[in-house]
Amino acid sequence: MMATKFDKYRPIVLGIESSCDETAAAVVGADKTILSHVVLSQLSDHEKFGGVVPEIAARKHGEVLTPLIERALEEADLGLKDLDAIAATAGPGLIGGVIVGLVTAKALSLAVDKPLYAINHLEGHALSPRLVGDVAFPYLLLLISGGHCQLLRVEGFGRYRRLGTTIDDAAGEAFDKIAKMLELGYPGGPRVEAIAAKGDAKAFKFPRPLLGEESCNFSLSGLKSAVLRQANEIADENGHLTDQQKADLAASFQAAVADCLEDRTRNALRQSGDVSALVVAGGVAANEAIRSKLTALAEEFDTSFVAPPLWLCTDNAAMIAWAGLEAIASGKSGDDMHVKAQARWPLDPHAATVRGAGVKA
Ligand code: KG4
Ligand code: ZN
């Protein structure tokens, strides 16, 4: 290849993300330059259903992905031929959307003869703090999003030890369900946090499931039921709650979730041995009540607290491109064209299985 103005960034990777309700494309260089990063949220397509509808998500990804990739390349001011590799989320996630992204990546990879990297979406989240900072391996990651609630010891590229996961609901899922219950709309997290600011976190004493136990697993569905019971108890004869009652329920619920996350993360810090930092990622990492608990916890363990910027905490393709770059740096060669999209794909296949109905991979 002839010398070009892009050489200082090389290798350069195009990342593609389509595993949930965000379609995203990004171009990232090995020197951590984010040459472009575009995200298209499908929020308005799913809002009226109160959650993500997989079929609608897949169709929408199919419609918007190619133009979005074109836009990412345009913003980065380069063409497909200038790339060194293409990285796409291959799971876990809503399978229809994952297939759209992976098939598109395969087609591009074949068209321009560049290696394809099939990325685990969770690996994208897990490695994301290294794209914007100098976080050294190993570190402890608390991943709290709409679909995941996990504690992982990130030991290197491809080396993850899962210390705990949820045995029922993910943290964001719990926020979204409470928001639905309080008729706040979707997505629930930010709205629950907003009204919680006007409420009394001590108004109701909700359970803190598993608190005080040694494990690092989470359970949030009992807490959700407790909020529902309490709401039914205090509602008027027509089932209505006042704004203040809603605010008190939201604040008390949020405090209980924050306590649970703090307690499990404390166990993980005790069990994980030496780590360079406590890192939080996923949409729920936006929550201030949770962040402040985790900041204090990191201080307690004399370790640093890292929260990547919000755009990088939520679903995006820069983290997928970055995971591709970490794969290249580790010496991994590209995946072959038969690599499959997977709805479930645990980062740590050796992790002990945990009991519970809705265990998330
Ligand atoms: O990482 P994310 O954008 O998407 C995935 O689930 O992968 O996370 C979205 C989740 C939603 O459940 C949303 O309600 C929650 O993150 N969330 C919050 C806040 N902002 C977003 N939860 C609590 N407090 C927030 N401020
Ligand atoms: Zn995610």
Side-chain angles (χ1 to χ4, degrees), residues 15-24 26 39-43 46-47 50-52 54 57 61 88-94 97-98 101 119-129 141-150 152 165-166 169-182 184-197 199 201 218 220 223-224 250-251 253-258 260-261 279-294 307-320 322-323 343-345 347 360-361:
I16 295 172
E17 161 61 34
S18 57
S19 66
C20 191
D21 59 346
E22 260 102 27
T23 322
V39 183
L40 210 82
S41 170
Q42 302 180 358
L43 211 61
H46 302 286
E47 204 170 10
V52 181
H61 287 304
T89 296
L94 301 173
V98 177
I119 303 295
N120 183 314
H121 177 83
L122 301 176
E123 184 161 55
H125 278 300
L127 299 171
S128 66
L141 174 79
L142 172 64
L143 176 57
I144 37 179
S145 69
H148 305 285
C149 193
Q150 307 198 347
L152 291 162
T165 187
T166 180
D169 291 347
E173 196 177 355
F175 270 94
D176 293 337
K177 286 178 178 169
I178 295 299
K180 207 168 183 176
M181 193 188 295
L182 299 178
L184 302 176
Y186 177 84
R191 300 180 191 193
V192 170
E193 180 170 23
I195 68 159
F218 302 90
L220 295 169
L223 168 59
K224 184 187 63 197
F253 160 77
Q254 181 175 271
V257 175
C260 293
L261 294 175
V279 177
V280 66
V284 185
N287 188 285
E288 281 302 330
I290 293 168
R291 271 184 191 234
S292 68
K293 286 255 175 203
L294 297 174
L310 212 57
W311 72 264
L312 191 56
C313 273
T314 54
D315 287 350
N316 66 86
M319 70 179 189
I320 303 303
W322 176 250
R344 282 186 152 240
W345 184 2
L347 260 192
K360 307 285 189 292

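Ligands are counted one by one from 1 in listed order, and the atoms in each one are counted from 1 as well. Hydrogens, waters and symmetry mates play no part in the numbers below; they use all other heavy atoms, side chains included.
- Inclusion of Cys20 in the first shell of the Zn ion (ligand 2) is not supported: no N, O or S atom falls under 2.8 Å.
- Taking backbone and side-chain atoms together, His125 has an N/O/S atom less than 2.8 Å away from the Zn ion (ligand 2).
- Looking only at protein heavy atoms, the nearest one to atom 24 (N) of ligand 1 is Asn287 ND2, 3.0 Å.
- Proximity to Gly172 (heavy-atom distance under 4.0 Å) selects the following atoms of ligand 1: 12 (O).
- Looking at Glu193, its side chain does come within 3.5 Å of a backbone N or O of Glu288 through a donor-acceptor pair.
- Pairing each heavy atom of Gly185 with each of Arg191, the nearest pair is CA-NH1, 3.4 Å.
- What sits closest to atom 15 (C) of ligand 1 on the protein, heavy atoms only, is Val284 CG2, 3.9 Å.
- Ligand 1 is never approached by Cys20 to a heavy-atom distance shorter than 4.0 Å.
- Of the protein's non-hydrogen atoms, the one nearest atom 26 (N) of ligand 1 is Glu193 OE1, 2.7 Å.
- Interface of Gly147 with ligand 1, defined as ligand atoms under 4.0 Å from a residue heavy atom, comprises 6 (O).
- For His125 against Ala281, the heavy-atom pair with the smallest separation is O-CB, 4.3 Å.
- Looking from atom 4 (O) of ligand 1 to the surrounding protein, the closest heavy atom is Asp315 OD2, 3.7 Å.
- In terms of modelled atom types and a separation under 3.5 Å, the side chain of Asn120 and the main chain of Trp345 share a donor-acceptor contact.
- Comparing heavy-atom distances from atom 23 (C) of ligand 1 across Ala281, Gly189, Ala174, Ala196 singles out Gly189 as nearest.
- When atom types are taken as modelled, the side chain of Ser18 and the backbone of Gly97 share a donor-acceptor pair closer than 3.5 angstrom.
- Nearest residue to atom 1 (O) of ligand 1 from Gly283, Ala258, Gly146, Pro190 is Gly283 (criterion: closest heavy atom).
- The atom name of the N/O/S atom in Asp315 closest to the Zn ion (ligand 2) is OD1.
- His61 places a side-chain N or O within donor-acceptor distance of the main-chain N or O of Cys20, the cut-off being under 3.5 Å.
- The distance from ligand 1 to the heavy atoms of Asp176 drops below 4.0 Å at these ligand atoms: 11 (C), 12 (O), 13 (C), 14 (O).
- Contact check for Met319 versus Glu123: no side-chain heavy atoms found under the 4.5 Å cut-off.
- At distances below 3.5 Å, not a single donor-acceptor pair connects side-chain atoms of Arg344 with backbone N or O atoms of Pro92.
- By the 4.5 Å heavy-atom criterion applied to side chains, Trp311 and Val39 are not counted as neighbours.
- Within ligand 1, the atoms closer than 4.0 Å to a non-hydrogen atom of Thr314 are 1 (O), 3 (O), numbered from 1 in the order shown.
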